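Below is one structure, written out as structure tokens; comments come after it.
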Amino acid sequence: MFQKLRESLRHLAEGTLPPEDRREAVARMKETLVHARLGLDDLRTTIERTGKQLAAETHELETVRRRRTLAEGIGDKETVAVAERYERQHAERVALLSRKVEMQTEELRLAEREVDEMTSELKMAARGVPSAGTMPGGAAPAAVDPLTEDDRARAGVQSELDALARARARSAHEQTAEEKLAELKRRMGR
């Protein structure tokens with residue numbers, strides 16, 4: 001599913017990618033992973049839609065079976081015959097849609113695993129650490145850091161900015177919670 005991404009990761013991890021192309025390659029790989037995650041969302045939507053179709057067919061099957069039982073109760077052979085035909089059709093659709101949901105769910109599980117693996121490999125490759133799969137014999141990666149001092153400084157600054165943004169968001173959430181609690185106490189005090 002992600003053959004080009006895997007090949008780019010391999011080149012990046014093996015160090016066969018020129019340093020000037022590295023940043024661009026990482027950006028392209030990140031974009032590919034974003035598209036892959038969107039594809040996962042599409043798969044989830046498809047499974048949900050198929051599940052709804054299955055539920056509708058199951059409901060129809062139950063309705064046809066109930067009608068057949070009622071027709072048998074009053075001795076209406078013509079209605080029983082029609083109901084049996086529709087019952088077979090709905091039962092086949094229910095079986096097919098059940099298998100379809102199972103297959104789509106398995107496809108989603110497989111794709112999620114691949115995306116998770118790609119994400120982890122991309123993180124390692126972006127740090128300049130080859131994955132176990134790219135080293136001979138699957139050996140543990142050695143401590144390799146091809147990042148320049150500027151890259152490390154930018155990463156450090158970005159990390160600090162991210163921490164500040166998280167702290168600011170946490171503070172805003174806490175303030176909102178305190179305001180809501182004060183409002184609730186005010187209302188209950190009346």
Side-chain angles (χ1 to χ4, degrees), residues 1-14 17 24-127 129-135 137-138 141 162 165-166 169-170 172-173 176-177 180 184:
M1 182 175 187
F2 305 108
Q3 201 58 30
K4 286 184 179 180
L5 179 60
R6 284 192 187 276
E7 184 140 331
S8 296
L9 280 170
R10 186 176 51 77
H11 289 300
L12 188 61
E14 290 173 348
L17 197 61
E24 182 183 334
V26 169
R28 280 194 321 263
M29 286 183 248
K30 286 180 181 177
E31 184 177 331
T32 300
L33 279 173
V34 167
H35 289 292
R37 287 187 181 105
L38 291 173
L40 292 177
D41 290 341
D42 289 344
L43 281 172
R44 288 182 189 105
T45 301
T46 301
I47 291 170
E48 184 179 327
R49 187 179 14 219
T50 305
K52 288 178 181 177
Q53 290 173 337
L54 175 58
E57 280 298 327
T58 301
H59 178 72
E60 287 297 318
L61 178 60
E62 291 168 359
T63 301
V64 168
R65 285 180 175 162
R66 188 177 65 250
R67 289 180 179 162
R68 178 184 47 83
T69 302
L70 291 172
E72 287 172 343
I74 60 171
D76 186 351
K77 292 181 182 182
E78 186 178 328
T79 303
V80 169
V82 170
E84 286 174 344
R85 187 179 80 210
Y86 282 111
E87 182 178 0
R88 281 190 303 277
Q89 290 175 351
H90 287 292
E92 288 173 359
R93 288 184 191 138
V94 165
L96 176 66
L97 288 170
S98 294
R99 287 193 309 269
K100 189 174 180 179
V101 166
E102 288 174 16
M103 296 305 293
Q104 289 172 337
T105 302
E106 182 62 22
E107 180 182 13
L108 175 63
R109 189 191 61 74
L110 178 65
E112 285 174 334
R113 189 177 68 219
E114 286 182 354
V115 167
D116 288 345
E117 289 172 1
M118 291 290 134
T119 300
S120 129
E121 289 177 15
L122 176 61
K123 287 178 183 176
M124 289 175 61
R127 289 189 308 239
V129 178
S131 66
T134 62
M135 298 195 64
D162 290 345
R166 285 190 303 272
R170 186 173 36 255
H173 288 298
T176 302
K180 287 181 179 180
L184 182 60

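Note that the structure is predicted; figures quoted are calculated from it, not measured.
Under the salt bridge (Lys or Arg N to Asp or Glu O under 4.0 Å) criterion, Asp41 pairs with Arg44, sequence neighbours left out. When the salt bridge (Lys or Arg N to Asp or Glu O under 4.0 Å) test is applied to Arg65, the partners found at least two apart in sequence or on another chain are Glu87. When the salt bridge (Lys or Arg N to Asp or Glu O under 4.0 Å) test is applied to Lys52, the partners found at least two apart in sequence or on another chain are Glu48. Looking at residues two or more places apart in sequence or on another chain, you find no salt bridge (Lys or Arg N to Asp or Glu O under 4.0 Å) involving Arg37.
Summarising the geometry of Ala36 relative to Val115, their closest heavy-atom pair is CB-CG2, 3.8 Å, with the distance given to 0.1 Å. Thr79 and Ala71 get closest at one heavy-atom pair: CG2-CB, 3.7 Å. Looking at every heavy atom in both residues, Ala91 comes nearest to Leu61 through N-CD1, 3.8 Å.
Among residue pairs with one or both ends in residues 96-106, those qualifying as salt bridge (charged side-chain N to carboxylate O under 4.0 Å, His left out) are Glu106-Arg109; sequence neighbours excluded. Legend: salt bridge (charged side-chain N to carboxylate O under 4.0 Å, His left out) pairs involving residues 71-86, not counting sequence neighbours, sorted by first then second residue: Arg68-Glu72.
Side-chain atoms of Thr46 and Gln104 form no donor-acceptor pair, as typed in the model, at a separation below 3.5 Å.
Interatomic distance, CG of Leu108 versus CG of Asp42, reported as 11.0 Å (0.5 Å rounding). Here Leu43 contributes atom CG and Leu38 contributes atom CG; the two are 11.5 Å apart, rounded to the nearest 0.5 Å. For the atom pair His35 NE2 and Glu31 CD, the distance stands at 4.0 Å (nearest 0.5 Å). To the nearest 0.5 Å, atom CD of residue Glu117 and atom CZ of residue Arg113 are 6.0 Å apart. Atoms CG and OG1, on Leu97 and Thr50 in that order, are 7.0 Å from each other to the nearest 0.5 Å. Here the CD1 atom belonging to Ile47 is positioned 7.5 Å from the CD atom belonging to Glu107, to the nearest 0.5 angstrom.
Atom CZ of Arg93 has more than 12 heavy atoms from other residues, nucleotides or ligands within 6.0 Å.
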